[in-house]
Amino acid sequence: MLLDVIIGKDSLPIEIPDPYHPDVEAIVVSIGRFAASKGVDLSVLDVRGLIPAMIRGVAGCEKGCPANAKDLVSKGFQRFDLEYVEGGILTATASAGGDRSFYLKMFPDF
């Protein structure tokens, strides 16, 4: 599974080798460092809560793909705009201050 973190025109790809046992702390730390290097403060966004939800939405499929992703999108998550993209891709967008956005795009392994 791949998580692409995008701020402005810059991106940080993060590989998630085992979505059933993700190292959420390491993922959040990587995202935080990347955001800080771009001058973006993520303290008002619950990235730590969103990442596991996105992973379950893409990898879970307990109710049949893409049910979990579409369920997450329909429920929403705090300040994020969520979208399911055909092919099992899940995106989350939030304002990063000014005219920039903080964009997460999670891709399945299949």
Side-chain angles (χ1 to χ4, degrees):
M1 177 172 284
L2 177 70
L3 174 63
D4 199 11
V5 183
I6 303 164
I7 298 174
K9 295 182 181 185
D10 299 311
S11 69
L12 171 71
I14 299 174
E15 189 70 35
I16 303 171
D18 183 359
Y20 300 102
H21 300 97
D23 186 348
V24 175
E25 185 61 29
I27 295 168
V28 171
V29 167
S30 294
I31 292 170
R33 286 183 183 149
F34 176 65
S37 76
K38 302 300 171 200
V40 173
D41 177 15
L42 297 179
S43 64
V44 298
L45 299 173
D46 183 10
V47 175
R48 185 176 315 281
L50 177 63
I51 296 302
M54 288 183 75
I55 291 171
R56 280 189 306 274
V58 173
C61 296
E62 291 90 0
K63 298 177 185 172
C65 293
N68 288 5
K70 288 184 176 179
D71 186 49
L72 176 61
V73 170
S74 70
K75 289 179 182 175
F77 193 89
Q78 296 183 357
R79 296 179 181 202
F80 289 93
D81 292 321
L82 304 176
E83 182 179 353
Y84 173 78
V85 181
E86 290 302 318
I89 300 167
L90 189 58
T91 67
T93 308
S95 174
D99 61 348
R100 295 189 304 171
S101 62
F102 173 69
Y103 184 66
L104 299 172
K105 194 170 188 179
M106 190 165 291
F107 299 88
D109 273 340
F110 51 87

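Hydrophobic clustering (ILVMFWY, side-chain heavy atoms < 4.5 Å, transitive): V44 and V29 are in distinct clusters. L82 and Y103 sit in two unconnected hydrophobic clusters of ILVMFWY residues. Membership requires side-chain heavy atoms under 4.5 Å apart, directly or through other members. Hydrophobic clustering of Ile, Leu, Val, Met, Phe, Trp and Tyr side chains at less than 4.5 Å, counting indirect connections, keeps L2 apart from L12. A continuous path of ILVMFWY side-chain contacts below 4.5 Å connects F80 to I14, so both sit in one hydrophobic cluster. V47 is connected to V73 through a chain of hydrophobic side-chain contacts under 4.5 Å among Ile, Leu, Val, Met, Phe, Trp and Tyr, so both are in one cluster.
The two residues I27 and P22 come nearest to each other via the heavy atoms CD1-CB, 4.5 Å. Of all heavy-atom pairs between P19 and I55, the closest is O-CG2, 3.3 Å. For R79 against A94, the heavy-atom pair with the smallest separation is O-CB, 3.9 Å. The shortest heavy-atom contact between F102 and L45 is CD2-CD1, 4.0 Å.
Taking 4.5 Å as the limit, every side-chain heavy atom of L90 sits out of range of all side-chain heavy atoms of E83. In this structure, I16 and M106 have side chains that are in contact, with non-hydrogen atoms separated by less than 4.5 Å. You'll find the side chain of P13 stays beyond 4.5 Å of the side chain of L3, heavy atoms only. Two residues are said to be in side-chain contact when any heavy atoms from C-beta on lie closer than 4.5 Å; F107 and V58 fail this criterion.
Judged by distance alone, with hydrogens and angles left aside, the side-chain atoms of Y84 form no donor-acceptor pair with the main-chain N or O of D71 at under 3.5 Å.
A distance of 5.5 Å separates CD1 of I31 from CG of L104, quoted to the nearest 0.5 Å.
For residues 36-45, the pairs satisfying salt bridge (charged side-chain N to carboxylate O under 4.0 Å, His left out) are D10-K38, with sequence neighbours left out.
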